[in-house]
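Down below is the structure, laid out as structure tokens.
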There are 2 protein chains.
Amino acid sequence: MSETRLKILDTAERLFSEQGYAPVSLRHITAAAGVNLAAIHYHFGSKEELLYELVMRKAAPVNEERLATLQRLREAAGANPLALEDLLEAFLLPAIHTAENSPAFAKLMGRLYGEGLMQEVARKHFGPAAERFLAEMRRTLPDLAEDELSWRLHFMLGAMAYTLAISPLGLLGRTGPESPSRVARRIVAFLSGGFRAPVAAREKVEVSE
Amino acid sequence: MSETRLKILDTAERLFSEQGYAPVSLRHITAAAGVNLAAIHYHFGSKEELLYELVMRKAAPVNEERLATLQRLREAAGANPLALEDLLEAFLLPAIHTAENSPAFAKLMGRLYGEGLMQEVARKHFGPAAERFLAEMRRTLPDLAEDELSWRLHFMLGAMAYTLAISPLGLLGRTGPESPSRVARRIVAFLSGGFRAPVAAREKVEVSE
DNA sequence: GTCTATACTGAGATAGAC
DNA sequence: GTCTATCTCAGTATAGAC
């Protein structure tokens, strides 16, 4: 790997994390990295491709950790399905730890989720882990219909991405900053309840408790 | 309100909804609206301010509907707390209906949630409704600690924003397109389970703190 | 194969005449 | 209030030096 290429990646990661994607120009990046403007085009092709490579580089270890944890859990469980909480933790904790180490980058990732940009990254990178994860989920929650499971995973991703992206000083109530492990426990508890919820057969009827 | 200003707002809303924010230039908007380029800066100051006004305009009725539904529910319930599912529906359905009528705009809104821009919009617009909503939530779930409730509302917003923003042809599994009311039932069921979940007392590996 | 200098097109923003 | 003309800066593309 060329040193120029590496300098661009590192510098861009820093600047994007600090200021977001759009406000950082290629000229800022190349000036800060001490390389020529055209080097970005040569090594990456476009600004978007640079972002893509950058995110992939950071996301890879997250996914590897997910798969490794899943592997360990599977071996420990033998022929039994995994505990729902363990499964959720296996997926959430690596991302939360990354967010802990580089909060600005996590914020960037969360923001990119909302833009079309992350769609491809997510598919390519979280895809493989997601498939393994999905398979274990089916086994842990065998009574959940396939489409319902997909939707619930979708909701899970939303809760997770939002939490990683938005500062914990949310707009509702006063949450205050908290240690990532505590937040993780909260999410896992919430999502467990969601996944275990009975499927809605709700007709609009007045019912009080 | 100037007619020029109105034409800009309408045209921008249409174009942003169709193509997203970044790809639509001010020149596209003014050309399509039949007004002068400089008119945008005269009336709004910048492209971002234009987006802000536009979102505010669209968000207002959503919030009014939320508050109206909440009001109706409160009157019908007398002195009793509201049913959790009703509460969630009161918050979610107005947004989902808006998404139904203009899906591209919903996508745009969902995207903005993750950016600093929406923070202010959310505070200013969803703020009042959120406070009322929060108060009812406390009443419906009196055993939930205040901070836990705040976090769970946070997770709820994430699931919602993500669902509105990302095309339902998600990255996990195959969800396929669905009628908004069906999606709404799925989210409400999932979130109900989440809100009712026991608070995590999970001490699997207690090390830190 | 890498990197540099430089040019091109289109973006948002602005000044000042009317 | 509105328009024309113009400014600065963005991402991108290319020609050619090492």
Side-chain angles (χ1 to χ4, degrees), chain A residues 1-57 108-109 111-112 114-121, chain B residues 1-57 104-105 107-108 111-112 114-121:
Chain A
M1 163 117 56
S2 148
E3 196 202 337
T4 300
R5 185 187 162 88
L6 202 62
K7 272 196 290 190
I8 293 171
L9 276 173
D10 290 339
T11 308
E13 179 179 323
R14 181 170 58 80
L15 293 178
F16 284 158
S17 296
E18 286 167 7
Q19 309 176 35
Y21 177 69
V24 175
S25 74
L26 298 185
R27 284 167 178 84
H28 290 152
I29 296 169
T30 51
V35 304
N36 188 272
L37 170 62
I40 287 186
H41 187 254
Y42 175 76
H43 284 286
F44 303 96
S46 72
K47 187 182 181 184
E48 206 171 290
E49 285 289 320
L50 167 61
L51 175 67
Y52 178 79
E53 296 256 348
L54 194 154
V55 171
M56 290 291 266
R57 189 178 68 154
L108 177 66
M109 292 266 301
R111 258 197 295 200
L112 295 178
E115 299 178 21
L117 298 171
M118 273 302 277
Q119 219 80 325
E120 197 194 346
V121 179
Chain B
M1 161 118 56
S2 149
E3 196 203 337
T4 299
R5 185 188 163 87
L6 203 62
K7 272 197 289 189
I8 292 172
L9 275 173
D10 290 339
T11 308
E13 180 178 326
R14 181 169 58 80
L15 292 178
F16 284 157
S17 294
E18 286 168 6
Q19 309 175 36
Y21 178 68
V24 175
S25 72
L26 298 184
R27 285 167 177 83
H28 290 153
I29 297 168
T30 50
V35 303
N36 187 271
L37 171 62
I40 287 186
H41 288 96
Y42 175 75
H43 285 288
F44 303 96
S46 73
K47 187 183 180 183
E48 207 169 276
E49 285 288 321
L50 167 62
L51 176 65
Y52 178 79
E53 295 257 349
L54 198 153
V55 170
M56 289 293 266
R57 191 177 67 153
F105 190 83
K107 216 168 159 175
L108 186 64
R111 208 192 82 185
L112 295 179
E115 299 179 19
L117 233 190
M118 270 308 271
Q119 218 81 323
E120 197 193 350
V121 179

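Chain naming here is simple, since letters A, B, ... match the order of the sequence lines and numbering starts at 1 in each.
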- Could you give the CG-to-P distance, from B:L26 to D:dT4, as a whole number of Å? 17 Å
- Residues B:N36, B:Y42; criterion side chain to side chain contact (heavy atoms under 4.5 Å, CB included); working and verdict: CA-CA 10 Å; B:N36 187 271; B:Y42 175 75; over 6 Å; no
- Query: Which pair of non-hydrogen atoms, one from B:S2 and one from B:H43, has the smallest distance, and what is that distance?
  - Reply: OG-CE1, 3.6 Å
- Listed in order of residue number, which residues of residues 32-42 of chain B have a non-hydrogen atom at under 4.0 Å from DNA chain C? B:L37, B:A38, B:H41
- Message: Quick check against the 3.5 Å criterion: does B:H41 have a side-chain atom that pairs as donor or acceptor with the backbone of B:A38?
- Response: no
- Note on the structure: All heavy atoms of B:L54 vs all of B:E13, minimum pair found to be CD1-N, 3.6 Å
- Please name the pair of heavy atoms, one in B:V24 and one in B:G20, separated by the smallest distance, quoted to 0.1 Å. CG2-O, 3.3 Å
- Task: Provide, to the nearest angstrom, the distance between the CD1 atom belonging to A:I29 and the C1' atom belonging to D:dG11.
- Result: 11 Å
- Query: Quick one: on DNA chain D, does B:T4 or B:R27 contact a more 5' nucleotide (nearest heavy atom)?
  - Reply: B:T4
- Quick one: list whatever passes side-chain hydrogen bond (donor to acceptor under 3.5 Å, both in side chains) with A:R5, sequence neighbours left out. A:E53
- Write down the atom of A:I8, the atom of A:I29, and the distance for their closest heavy-atom approach. O-CG2, 4.2 Å
- Item | Span of DNA chain C in contact with chain A (heavy atoms, under 4.0 Å) | C:dG1 to C:dA7
- Between A:R14 and A:A32, the two heavy atoms sitting closest are NH2-CB, 4.3 Å
